[in-house]
Asks: 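This is the structure, below, for whatever I ask next.
Side-chain atoms are counted along with the backbone in the values below, which use heavy atoms only and exclude waters and symmetry mates.
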Amino acid sequence: MSFICRFAPSPTGPLHIGGVRTALFNWLLAKKNKGKYYLRIEDTDKVRSKEEFKKQIISSLAWLGIKHDGEEYIQSKNIEKHVAIAEELLKKGFAYKCYCSEEEINQQKEKCKKQGIPYVYNRKWRDAEDLKVPNDVQPVIRFKSKISGNTVIKDLVQGDRNISNSTIEDFVILRKDKSPTYQLSATVDDHEMKISHIIRGDDHMINSFKQKQIYEAMKWEVPEFAHIPLIHSENGKKLSKRDNASTLEDYIKIGIMPDALRNYLLRLGWSYKDKEIFSKQESIDLFNLEGVGKSPSKLDMSRIYSINETYIKTIDENELFKYLKEYALNYQKPFDQSKEMTILKSLGFLKNKAKTLHDIWKNSQYIIRNKIDIGSEEKKLINQLSTKIIGDFISQYEKLDKPSRENLELIIKSLINNYKTNFKNVGQPLRIGLIGSKFGPGIYDIILSLNKDEVIKRLKDLL
RNA sequence: GGUCCCAUCGUCUAUCGGUUAGGACACAUGGUUUUCAUCCAUGAAAGAGGGGUUCGAUUCCCCUUGGGACCGCCA
């Protein structure tokens, strides 16, 4: 059996985290089964579709490492075909022209609202040979949904889903301006692209019942369906654009790495035994639809941070630096070239205190900045004793040929002895002088990561 | 409101009739450590409720409760 999957976003906004997961699952299933994964841009909403969103979606997916096969498919380029199918359905008696004006429909909706009953189109023009066709109304074409019987979808995630056909209204497939609607376009394109598995959010369940009827009317082979549960925000509702971490960009901005997000999204609603960390290859090998749960899952930021932290600590440092550089370039300031080597060499300890690229970037600021700003809290900690200690430290440090952890340790120990004090009273003033904060990397790491002149200069500034 | 669906620690989940209900994140405590962290150890934490079926139910069925999705000439 061949696996041809697709992800079909509409370019009406930035890519949503739920959409990212849908794309991921489609891609994973296609790759696992050596099939194809296509990207289709559903831009038939002429008003809301924007070129910039299309570009953003494509680049977001590229950032995550989800590459589609072939060129991206632009739905609007196939409109003529969609219209032709609408005409064909009309000719074959599976669709009909509806001359209800928008006012008429709105009136009906109002009426239903008043009576407190749900609105369903009344199928007025379904079998209307004797109705007089108004000449001031452009008709829409509606699909003639089945009135009796049931439709069953053998959903690969949800199991058998059964719905009474009477609950499906005669949906519009061609608007009054002769443009196709989603139900039609998506179905025609899925058929033309020979999509074998449609994996999409659970919010499309009803659409699948509608679209299945179109497949059957056209005598097309019906694809397999899998409706994956939606991702809910931390307060349990469907994720909306208002949630502050809902677009991919939101995560990139705070310094989440692509593999970490991929891993998080994979494990959200899917599991494989007790395994938590999956390399890209492992996720392809191990992914399956059977492991996808049926209930929606809530987004958990602390989990995202935690997985990101794991990746920061385990990936190759050159690769990590690549991500860090990109992050700095896009969301902070590009690194000064002369500082790059120092940062790369210091990554070993900078990354130990970081959950995000932003944290690493923050930790590396003392290397980047030439002038150290000392916080007001920290200034209070610099007293007579500490300036004396720093002074002593400088004179001993200056004499060192080549500073090393060992000889630095000797100096610090002698200072502790001479001043009959503890490490804290020696280390803290030094840290404040060198990085401006009492929090930060280990003092030896700091000193060794900076030039000897720079260390002396910074410490003298403190005196 | 109508239709459909879901239900194990706070969160993501394991269990596919017999388990001291397991793991991970978060949380708490202790230890290591030169600060903050890391790291290590330990702990607290769950089968929504009620009926069945069964020798035995978290697991199968029904009801209740709670939660969700859909209900556009948007996609």
Asks: In whole angstroms, how far is the P atom of B:A75 from the CZ atom of A:Arg40?
Replies: 12 Å

Asks: Which of these, A:Phe287, A:Phe7, A:Trp270, sits in a ring pair (Phe, Tyr, Trp, His ring centres under 6.0 Å) with A:Phe25?
Replies: A:Phe287

Asks: A:Gln107 CD to B:C73 P: how many Å, rounded?
Replies: 16 Å

Asks: Pairing check on B:C4: which nucleotide meets the Watson-Crick or G-U wobble criteria with it, both distances under 3.5 Å?
Replies: B:G68

Asks: With A:Val20 as reference, evaluate A:Ile231, A:Ile57, A:Thr247, A:Leu64 under the side-chain contact (heavy atoms from CB on, under 4.5 Å) test and give the passing residue.
Replies: A:Leu64

Asks: If you find the nucleotide of RNA chain B closest to A:Asp177 and the one closest to A:Tyr272, which residue's nucleotide is nearer the 5' end?
Replies: A:Tyr272

Asks: Write down the distance between CG (A:Leu266) and P (B:C12), rounded to a whole number of angstrom.
Replies: 16 Å

Asks: Using whole Å, what does the distance between atom P of nucleotide B:U11 and atom CD1 of A:Ile307 come to?
Replies: 17 Å

Asks: Output all residues satisfying side chain to side chain donor-acceptor pair (under 3.5 Å) with A:Tyr327, sequence neighbours left out; order by chain, then residue number.
Replies: A:Gln332

Asks: Should B:C60 form a Watson-Crick or G-U wobble pair with both distances under 3.5 Å, which nucleotide is its partner?
Replies: B:G52

Asks: So if I take every side-chain heavy atom of A:Phe423 and compare against B:C25, B:U34, B:C73, which nucleotide ends up nearest?
Replies: B:U34

Asks: What interatomic distance, in whole Å, is found between P of B:C4 and the corresponding atom of B:U8?
Replies: 22 Å

Asks: Which distance, rounded to the nearest 0.5 Å, do you find between the CD of A:Glu192 and the NZ of A:Lys81?
Replies: 5.0 Å

Asks: Taking side chain to side chain donor-acceptor pair (under 3.5 Å) as the test, write out the residues that go with A:Ser166, two or more places apart.
Replies: A:Ser164

Asks: Looking only at side-chain atoms of A:Ser297, point me to the closest of B:A75, B:A26, B:U13.
Replies: B:U13

Asks: In whole Å, I'd like the distance from the NE2 atom of A:His232 to the C1' atom of B:C70.
Replies: 12 Å

Asks: For residues A:Tyr397 and A:Asn407, determine if any side-chain heavy atom of one lies less than 4.5 Å from a side-chain heavy atom of the other.
Replies: no

Asks: Given that A:Arg21 and A:Leu174 both sit by RNA chain B, which one's nearest nucleotide is further toward the 5' end?
Replies: A:Arg21

Asks: Partner lookup for B:A41, please. Criteria are Watson-Crick or G-U wobble with both distances under 3.5 angstrom; report none if nothing qualifies.
Replies: B:U29

Asks: Classify the nucleic acid contact of A:Tyr264 as base, sugar-phosphate or nothing, counting any heavy atom under 4.0 Å across all strands shown.
Replies: nothing

Asks: For B:C39 and B:C6, measure between their P atoms and round to the nearest Å.
Replies: 39 Å

Asks: What's the shortest heavy-atom distance between A:Ser145 and A:Asp170, and which atoms?
Replies: N-OD1, 3.0 Å

Asks: Taking all heavy atoms of A:Pro11 and all of A:Glu42, pick out the closest pair and write down the distance.
Replies: CD-O, 3.3 Å

Asks: So which of residues 425-441 of chain A are in contact with RNA chain B, with a heavy-atom cut-off of under 4.0 Å?
Replies: A:Arg431, A:Lys438, A:Phe439, A:Gly440, A:Pro441

Asks: Are any of A:Thr12's side-chain N or O atoms less than 4.0 Å away from OP1 or OP2 of B:A75?
Replies: no

Asks: Show the distances under 3.5 angstrom between N or O atoms of the protein and N or O atoms of nucleotides 19-23 of chain B.
Replies:
residue, atom, partner, partner atom, Å
B:G22, N2, A:Asp274, OD1, 3.2
B:G23, N2, A:Arg267, NH2, 3.4
B:G23, N2, A:Glu276, OE2, 3.1

Asks: Indicate, with a heavy-atom threshold strictly under 4.0 Å, whether A:Glu102 touches base, sugar-phosphate, or nothing.
Replies: base

Asks: Can you list everything that forms a side chain to side chain donor-acceptor pair (under 3.5 Å) with A:Tyr419? Sequence neighbours excluded, please.
Replies: A:Asp392

Asks: Rounded to whole angstrom units, what separation is found between the CD atom of A:Gln138 and the P atom of B:C73?
Replies: 17 Å

Asks: I need the minimum non-hydrogen distance between A:Arg123 and A:Tyr96, along with the two atoms involved.
Replies: CA-OH, 3.8 Å

Asks: Under 4.0 Å between any heavy atoms, over every strand shown, what does A:Val172 touch: base, sugar-phosphate, or nothing? Just pick one.
Replies: sugar-phosphate

Asks: Between A:Arg267 and A:Phe278, is NZ or CZ placed under 6.0 angstrom from the six-membered ring centre and within 45° of the ring axis?
Replies: no

Asks: Looking only at heavy atoms, what is the nearest atom pair of A:Ala226 and A:Asp155, with distance?
Replies: CA-OD1, 3.5 Å

Asks: When rounded to the nearest Å, what value does the distance between P atoms of B:A14 and B:G51 take?
Replies: 28 Å

Asks: Tell me: CD1 of A:Ile198 to P of B:A75, nearest whole Å?
Replies: 16 Å

Asks: What's the gap between B:A7 and B:U64 when it is taken at their C1' atoms, as a whole Å value?
Replies: 13 Å

Asks: Compare side-chain N and O positions of A:Thr181 against OP1 and OP2 of B:A75 and report whether any pair is under 4.0 Å apart.
Replies: no

Asks: Check whether the aromatic ring of A:His204 stacks on the base of B:A69, taking stacking as ring centres less than 5.5 Å apart and planes within 30° of each other.
Replies: no

Asks: Applying side chain to side chain contact (heavy atoms under 4.5 Å, CB included) to A:Asn78 and A:Tyr73, what does each step give before you reach the verdict?
Replies: CA-CA 9 Å; A:Asn78 207 23; A:Tyr73 188 105; 3.0 Å; yes

Asks: Select one nucleotide: of B:C39, B:A69, B:C73, the one nearest the side-chain heavy atoms of A:Lys313.
Replies: B:C39

Asks: Determine the Euclidean distance between corresponding P atoms of B:C9 and B:G47; express it in Å to zero decimal places.
Replies: 7 Å

Asks: For nucleotides B:A41 and B:G50, find the distance between their C1' atoms and express it as a whole number of Å.
Replies: 43 Å

Asks: If the C1' atom of B:U15 is compared with that of B:G49, how far apart are they to the nearest Å?
Replies: 22 Å

Asks: Is the backbone N or O of A:Glu276 less than 3.5 Å from a side-chain atom of A:Asn263, with the two atoms forming a donor-acceptor pair by type?
Replies: yes

Asks: Polar-atom pairs under 3.5 Å, protein N or O versus N or O of nucleotides 2-10 of chain B: list them with distances, or write none.
Replies:
residue, atom, partner, partner atom, Å
B:C5, O3', A:Arg161, NH2, 2.6
B:C5, O2', A:Arg161, NH2, 3.4
B:C6, OP1, A:Lys294, NZ, 3.3

Asks: NA contact type, A:Ser49, heavy-atom cut-off 4.0 Å: base, sugar-phosphate, or nothing?
Replies: nothing

Asks: Would you kindly give the CG-to-P distance between A:Leu299 and B:G68, to the nearest whole Å?
Replies: 16 Å

Asks: In whole Å, what separates the C1' atom of B:C12 from that of B:C73?
Replies: 41 Å

